[in-house]
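Here the structure comes first, spelled out in structure tokens, and everything after it is commentary.
Values in this document were obtained by computation on a predicted structure and should not be read as measured data. Residue indices begin at 1 and follow the sequence shown.
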Amino acid sequence: MTTSGNAQLTIHDQDSAPDAAKPILADIAKKYGFTPSLYRIFAGSPAVLKAYLDAAANFADTSLSNQEKQIVLLSAAVENKCHFCVAAHTWTSKGAGVSDADIEAVRKGEAPSDPKLAAIARFTRHLVKERGFGTPEEISTFVEAGFERHQILEVVLGISLKTLSNYVNHLADTPLDEPLQQFA
């Protein structure tokens, strides 16, 4: 157990975590092979840990492809300047089959070569920059790229998920776990 960041948030381990968080942290460790620092910070409030995991599960159930989901999460993390989530979603984007070139483009705030990924990256960045105010032009561009209008809501869900984690990471200055350091 250590503390991190300006808010001096605790980075819990299995022993220091509140009882309600312990089984959740154990499940996360099984899933990833380690327990990312972000989840260990979330464990300080089991309600926040559960809310994040529930939102992530709901986002996973959207109609967006796995690659599109990762581009939403990576684009929001880049736009929010979250060092931890940029590294984490570089890793998970690779796992979802996003090309290295498209990942690097998103990390630089540029358009991926895949037109649909470019459209969802652009739309996500726009919504984050404009605090959810989507212009008719941006919405039109998104839909014309082949997305359905209900997927606008799914992008907002992904942004909401990243807003929670990005803000906590900013407050905690969350250290990058060793498996993520190569993606810093």
- Item | Closest heavy-atom pair and its distance - Gly44, Pro18 | O-CG, 4.1 Å
- Least distance between heavy atoms, Val106 atom then Ala121 atom: CG2-CB, 4.4 Å
- Set of side-chain hydrogen bond (donor to acceptor under 3.5 Å, both in side chains) partners for Asp114, sequence neighbours left out: none
- Query: Counting N and O atoms only, with roles assigned by atom type, does the side chain of Ser16 sit under 3.5 Å from a partner on the main chain of His12, one being a donor and the other an acceptor?
  - Reply: no
- Kindly write out the residues that satisfy side-chain hydrogen bond (donor to acceptor under 3.5 Å, both in side chains) with Thr163, not counting sequence neighbours, or none if the list is empty. none
- Item | ring pair (Phe, Tyr, Trp, His ring centres under 6.0 Å) contacts touching residues 130-155 (sequence neighbours left out) | Phe123-Phe142, Phe142-Phe147
- Query: Are Leu74 and Val98 close enough, and set up right, to give a side chain to side chain contact (heavy atoms under 4.5 Å, CB included), and what steps lead you there?
  - Reply: CA-CA 11 Å; Leu74 182 58; Val98 179; over 6 Å; no
- Item | Validation row: Val48, Leu164 side chains within 4.5 angstrom (heavy atoms) | yes
- Query: About how many Å separate CD1 of Ile159 and CD of Glu79, when rounded to the nearest 0.5 Å?
  - Reply: 10.0 Å
- Task: Following the transitive rule for hydrophobic clusters with a side-chain heavy-atom cut-off under 4.5 Å over Ile, Leu, Val, Met, Phe, Trp and Tyr, establish whether Leu161 and Tyr32 coincide in one cluster.
- Result: yes
- What pairs with Glu154 under salt bridge (charged side-chain N to carboxylate O under 4.0 Å, His left out), at least two apart in sequence or on another chain? none
Side-chain donor-acceptor pairs of residues 51-59 under 3.5 Å, sequence neighbours excluded:
from: Tyr52; atom 1: OH; to: Lys162; atom 2: NZ; distance (Å): 3.0
from: Asn58; atom 1: ND2; to: Asp54; atom 2: O; distance (Å): 3.2

- Item | Those residues that, when tested against Thr62, pass side-chain hydrogen bond (donor to acceptor under 3.5 Å, both in side chains) (two or more places apart) | none
- What pairs with Lys108 under side chain to side chain contact (heavy atoms under 4.5 Å, CB included), at least two apart in sequence or on another chain? Glu104, Glu110
- Message: Using only atom types and a distance under 3.5 Å, with no angle test, would you say the side chain of Arg40 pairs donor to acceptor with the backbone of Asp13?
- Response: no
- Drop me the distance from Asp173's CG to Ile41's CD1, to the nearest 0.5 angstrom. 9.0 Å
- Message: List the residues meeting salt bridge (charged side-chain N to carboxylate O under 4.0 Å, His left out) with Arg122, not counting sequence neighbours, and say none if there are none.
- Response: Glu138
- Rounded to the nearest 0.5 Å, what's the gap from CG on Leu9 to OG on Ser37? Could you check? 12.5 Å
- Distance, nearest 0.5 Å, that separates CG of Leu73 from CD of Glu68: 12.0 Å
- Shortest non-hydrogen contact between Asn169 and Cys82, atoms and distance: ND2-SG, 3.4 Å
- If you look at every heavy atom in Ser63 and Gln151, which pair is closest and at what distance? OG-NE2, 3.0 Å
- Any donor and acceptor pair, going by atom type alone, linking the side chain of His89 with main-chain N or O of Val78 inside 3.5 Å? no
- side-chain hydrogen bond (donor to acceptor under 3.5 Å, both in side chains) partners for Lys69, two or more places apart: none
- Item | Verify same cluster id: Ile28, Phe34 (apolar side-chain graph, 4.5 Å) | yes
- Using salt bridge (charged side-chain N to carboxylate O under 4.0 Å, His left out) as the criterion, list what pairs up with Asp100, not counting sequence neighbours. Lys94
- Which residues share a side chain to side chain contact (heavy atoms under 4.5 Å, CB included) with Pro115, sequence neighbours left out: none
- Query: Lys22: what forms a side chain to side chain contact (heavy atoms under 4.5 Å, CB included) with it, not counting sequence neighbours?
  - Reply: Gln14, Ala17, Asp19
- Note on the structure: Rounded to the nearest 0.5 Å, the CG atom of Leu117 sits from the OG atom of Ser93 at a distance of 9.5 Å
- Message: Testing the basics here: between Thr124 and Ala76, what is the closest heavy-atom pair and its distance to 0.1 Å?
- Response: CG2-N, 3.8 Å
- Approximate separation, where rounding is to 0.5 Å, of Ile103 CD1 and Gln67 CD: 9.0 Å
- Message: Restricting to non-hydrogen atoms, name the atom on Leu49 and the atom on Leu25 that form the minimum distance, rounded to 0.1 Å.
- Response: CD2-CD2, 4.4 Å
